[in-house]
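Each remark here refers to the structure printed beneath this line.
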Amino acid sequence: MTPRHSLLAQIGADIVRFQDASAEFDAAVGAVLALGRAELTCLAQLHFGGPAPLSAVARGADVERLELAGYVQREGTGNGRRLALTGHAREWIETLWGPLQADGLQLMSPLPDAELKVIARFLSEARASQDRHAARVSKLLQQPGGTRAARRRGGLSAAALHRVRLFIEAHLARRIRVGELAQRSGLSVFYFTRAFRQSMGMTPHAYVQQRRVERARGLLSHTTRSLGDIALEVGFSSQSHFTTVFRRLTGLTPAVLRRGGR
């Protein structure tokens with residue numbers, strides 16, 4: 001790995017750790033204030049952006065709950081009514097978020113304007129990229145989750161099936177245990193295995209193997225990576241295992257497909 005690749009890998013890992021730490025911090029704040037993520041987003045929006053129309057507050061926020069807790073209040077009349085933070089909310093925000101904000105300002109204060117502009121541009125473009133991919137993943141929820149007949153026979157609900165399929169796509173490179181999939185569906189291993197087969201017409205193991213082969217086909221067609229590397233990339237323990245499963249599902253070996261076999 002080149003120094004540049006190592007640096008990019010380190011940055012990527014640090015970003016993931018930063019996101020995890022942010023999620024943990026928000027969870028702790030939510031526990032203190034007895035609020036969910038959508039309500040916390042609403043408070044942050046009002047804190048940084050000022051009073052806002054009810055139609056513009058964070059989607060999914062329980063405004064009545066925020067009012068009952070004394071964190072927000074309505075201002076104005078008629079069409080001009082807006083939601084604003086209360087003094088009580090501002091005190092909590094200063095107590096919980098204030099020290100973190102102060103640390104952030106202290107970290108950035110020694111940086112020259114040119115470096116701050118680079119950081120600002122990177123964050124803006126990264127956020128836009130994240131929004132695009134969030135929309136891409138959200139579209140998966142619109143895909144059919146098995147036939148109605150399968151669900152009537154005891155198949156998984158559409159939501160549970162989507163959670164399971166998303167988990168499989170994200171973890172193809174490693175061993176996927178049926179217990180992990182069952183946990184995403186909210187069922188025991190026994191009932192999950194039966195329900196999955198009703199929905200997909202195959203066992204969870206067979207579906208995972210199919211998805212690995214499909215991803216491998218893409219890598220074989222669009223990259224020059226070795227068969228051994230591709231086998232590991234899609235979650236097979238060895239090239240020979242990869243070849244065996246690939247031939248069973250496609251009728252061709254990976255090498256023959258790469259040479260143009262159909």
Side-chain angles (χ1 to χ4, degrees), residues 9 12-13 15-16 19-20 23 130 132-262:
I15 289 175
V16 171
Q19 289 176 322
D20 289 344
Q130 196 169 45
R132 287 195 303 272
H133 288 288
R136 173 181 60 83
V137 172
S138 295
K139 287 182 180 178
L140 295 175
L141 295 175
Q142 301 170 13
Q143 297 177 356
T147 65
R148 291 183 181 178
R151 289 197 294 275
R152 284 198 299 268
R153 293 194 303 268
L156 294 172
S157 69
L161 186 58
H162 286 311
R163 289 196 298 272
V164 170
R165 293 170 68 180
L166 286 174
F167 182 85
I168 290 172
E169 293 301 315
H171 297 88
L172 277 180
R174 68 165 177 81
R175 180 183 179 189
I176 299 176
R177 295 175 174 84
V178 176
E180 294 178 300
L181 303 181
Q183 185 178 15
R184 267 75 192 168
S185 71
L187 300 173
S188 69
V189 171
F190 174 79
Y191 285 108
F192 164 74
T193 302
R194 187 171 65 176
F196 186 93
R197 186 163 192 165
Q198 290 288 355
S199 293
M200 300 300 296
M202 64 182 76
T203 66
H205 176 72
Y207 178 78
V208 170
Q209 297 288 62
Q210 177 180 289
R211 291 300 307 137
R212 285 180 170 144
V213 167
E214 289 175 2
R215 183 170 293 185
R217 290 187 71 138
L219 293 172
L220 288 166
S221 300
H222 300 103
T223 74
T224 58
R225 296 172 61 182
S226 71
L227 298 184
D229 284 347
I230 290 176
L232 296 177
E233 173 71 19
V234 299
F236 288 101
S237 58
S238 66
Q239 183 177 331
S240 61
H241 185 211
F242 169 46
T243 300
T244 299
V245 175
F246 194 95
R247 180 165 47 193
R248 174 165 54 80
L249 294 182
T250 68
L252 301 171
T253 66
V256 169
L257 181 73
R258 171 166 275 176
R259 289 197 298 267
R262 295 290 185 271

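Remember, predicted model here, so these are calculated numbers, not experimental data.
Side-chain atoms of Arg184 do not come within 3.5 Å of backbone N or O of Arg163 as any donor-acceptor pair.
Side-chain atoms of Thr223 and Glu233, non-hydrogen and from C-beta on, never get closer than 4.5 Å to each other. Residues Leu156 and Leu187 are in side-chain contact: their nearest non-hydrogen atoms beyond the backbone lie under 4.5 Å apart. Residues Arg248 and Val245 form a side-chain contact, since some pair of their non-hydrogen atoms from C-beta on lies under 4.5 Å apart. In this structure the side chain of Met200 never reaches within 4.5 angstrom of the side chain of Val164, judged on heavy atoms.
Of the inter-residue distances, the one linking Arg259 atom CZ with Leu220 atom CG reads 11.5 Å to the nearest 0.5 angstrom. Here the OG-CG distance, from Ser226 to Leu219, works out to 11.0 Å after rounding to the nearest 0.5 Å. Put simply, OG on Ser188 and CZ on Arg194 are 9.0 Å apart, with the number rounded to the nearest 0.5 Å. Distance check: Thr193 OG1 to His205 NE2 gives 12.0 Å after rounding to the nearest 0.5 Å. The CZ atom of Arg175 sits 9.0 Å away from the CD atom of Glu180 when rounded to the nearest 0.5 Å.
Scored by the salt bridge (Lys or Arg N to Asp or Glu O under 4.0 Å) test, Arg215 finds Glu169 as partners (sequence neighbours excluded). Checked against ring pair (Phe, Tyr, Trp, His ring centres under 6.0 Å), His241 has the following partners two or more places apart in sequence or in another chain: Phe236.
Taking each heavy atom of Ser238 and Ala231 in turn, the nearest pair found is O-CB, 3.9 Å. Heavy-atom minimum distance, Leu172 versus Arg211: CD1-O, 4.0 Å. Residues Phe167 and Leu181 share a closest heavy-atom pair of CD2-CD2, 3.5 Å. Nearest heavy atom pair, residue Leu252 against residue Phe246, reads O-CD2, 3.1 Å. Considering every non-hydrogen atom in both Ala216 and Val234, the closest pair reads N-CG1, 3.8 Å. The two residues Gln210 and Met202 make their nearest non-hydrogen contact at OE1-CE, 3.3 Å.
Aromatic ring pairs are classed by plane angle as parallel below 30°, tilted from 30° to 60° and perpendicular above 60°; the pair Phe192 and Phe196 is tilted.
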For side chain to side chain contact (heavy atoms under 4.5 Å, CB included), just list the numbers for Thr250 and Val213, CA-CA rounded to whole Å, side-chain angles, deciding distance to a tenth of an Å, and then say yes or no. CA-CA 8 Å; Thr250 68; Val213 167; 3.7 Å; yes

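Surrounding CD of Gln130 are at most 12 heavy atoms belonging to other residues, nucleotides or ligands under 6.0 Å away.
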